[in-house]
Amino acid sequence: MSEQLKQQQHQARQQRLKAQVDAAVARANIEKGLLLVLTGNGKGKSTAGFGTVARAVGHGLTAAVVQFIKGSWDCGERNLLQQHGVEFAVMATGFTWDTQDRAGDIAAAELVWQEAERFLADDSIDLVLLDELTYMLTFHYLPLERIERALLNRPAKQHVVITGRACHRRLIELADTVSEVQVVKHAFDAGVKAQRGLDW
């Protein structure tokens, strides 16, 4: 087959693909605040959530972040985004296997969720990241009904990103977009420690 024929076939395929993409773009004419869920057992859910915050801020939108599970240790994303006006609320208790204090963790979850509710009621905030919220339901630290109410009653144009493993099926039902991150390999399983600037 000649190079010219290959080029013609390639161009014909790409033209068909472009027509399909253009038609799909033309059909997508709804504008609203979206609920995104990033779940699964793989690495990268929080990273993707923070990437969405960075993208929003880069376009001049306002954003707020609520970090569940996280401890008081240094956080590269927080270091950067706070410089650009992103407000953070951090549970700051660390991992549950470290605290081993259910009552204390529930109290901390309640306090940080109050901040989340404030963000989710504020129509001046374009995007809210609820980082690792899923664990609050898995561990029964927060009631599903309260989370659902805040999400459903948020400003119509406000976007929300929820991250964490084992997302509750009701949040998946409510979401506009759900992505599942699966692990293929993880350096930690080979004895490599979490590293500054890459893992945290």
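Here the structure is a predicted model, which means the values were calculated and not measured.
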Worksheet item: Between the side chain of Gln83 and the main-chain N/O of Asn79, is any donor-acceptor distance below 3.5 Å?
Response: yes

Worksheet item: Any side-chain donor paired with an acceptor under 3.5 Å for Gln7 and Glu3?
Response: no

Fill in: Any Val86 side-chain heavy atom under 4.5 Å of Arg78 side chain
no

Worksheet, complete the sentence: Closest non-hydrogen atoms of Ala175 and Val178, given as atom of the first, atom of the second and distance, are CB-CG2, 3.6 Å

Worksheet item: When you look at CD of Gln114, are more than 12 heavy atoms from neighbouring residues, nucleotides or ligands closer to it than 6.0 Å?
Response: yes

Worksheet, complete the sentence: All heavy atoms of Phe68 vs all of Leu142, minimum pair found to be CE2-CD1, 4.3 Å

Response to the item:
Heavy atoms of Ile125 and Phe119 approach each other most closely as CD1-CD2, 3.7 Å

Practice prompt. Report the distance from atom CZ of Arg170 to atom CD1 of Ile147, rounding to the nearest 0.5 Å.
Written response: 12.5 Å

Item to complete: State the CG-CD distance between Leu129 and Gln67, to the nearest 0.5 angstrom.
Response: 7.5 Å

Worksheet item: Quick one: does Glu173's side chain get under 4.5 Å of Glu148's, heavy atoms only?
Response: no

Discussion item. Taking side-chain contact (heavy atoms from CB on, under 4.5 Å) as the criterion, tell me which of Lys45, Glu77, Arg55 meets it with Phe50.
Written reply: Glu77

Worksheet item: Between atom CD1 of Ile172 and atom CD of Glu180, what is the distance when rounded to the nearest 0.5 Å?
Response: 7.5 Å

Worksheet item: Counting heavy atoms not belonging to Leu17, are there more than 12 under 6.0 Å from its CG?
Response: yes

Worksheet item: Below 4.5 Å, heavy atoms only, C-beta onward: do Leu151 and Leu171 meet side chain to side chain?
Response: yes

Worksheet, complete the sentence: When every non-hydrogen atom of Pro143 is compared with those of Leu137, the smallest separation belongs to C-CD2, 4.2 Å

Item to complete: Measure the spacing between OH of Tyr135 and OH of Tyr141 and express it to the nearest 0.5 Å.
Response: 12.5 Å

Worksheet entry | Interatomic distance, Ile162 atom CD1 to Leu35 atom CG [nearest 0.5 angstrom] | 4.5 Å

Worksheet item: Taking all non-hydrogen atoms of both residues, which atom of Ser46 and which atom of Thr163 are closest, and how far apart?
Response: OG-OG1, 3.8 Å

Worksheet entry | Enclosure of Gln4 CD (heavy-atom neighbours >12, cutoff 6.0 Å) | no

Fill in: Heavy-atom check, side chain of Met136 versus side chain of Trp113, under 4.5 Å
no

Worksheet item: Is there a side-chain contact between Leu174 and Leu152 (heavy atoms, below 4.5 Å)?
Response: yes

Response to the item:
Result for side-chain contact (heavy atoms from CB on, under 4.5 Å) between Gln158 and one of Leu120, Asp126, Thr62 points to Leu120

Worksheet item: Per the side-chain contact (heavy atoms from CB on, under 4.5 Å) rule, which among Val37, Val160, Leu36, Leu34 passes with Asp176?
Response: Leu34

Discussion item. For the CZ atom of Arg165 and the OG1 atom of Thr134, what is their distance to the nearest 0.5 Å?
Written reply: 9.5 Å

Discussion item. Quick one: does any side-chain atom of Asn153 pair with a main-chain N or O of Arg149 as donor and acceptor, under 3.5 Å?
Written reply: yes

Discussion item. How close do Gly33 and His159 get, counting heavy atoms only, and between which atoms?
Written reply: CA-ND1, 3.5 Å

Practice prompt. Measure the shortest side-chain to side-chain distance between Asp105 and Phe139 over non-hydrogen atoms and say whether it is less than 4.5 angstrom.
Written response: no

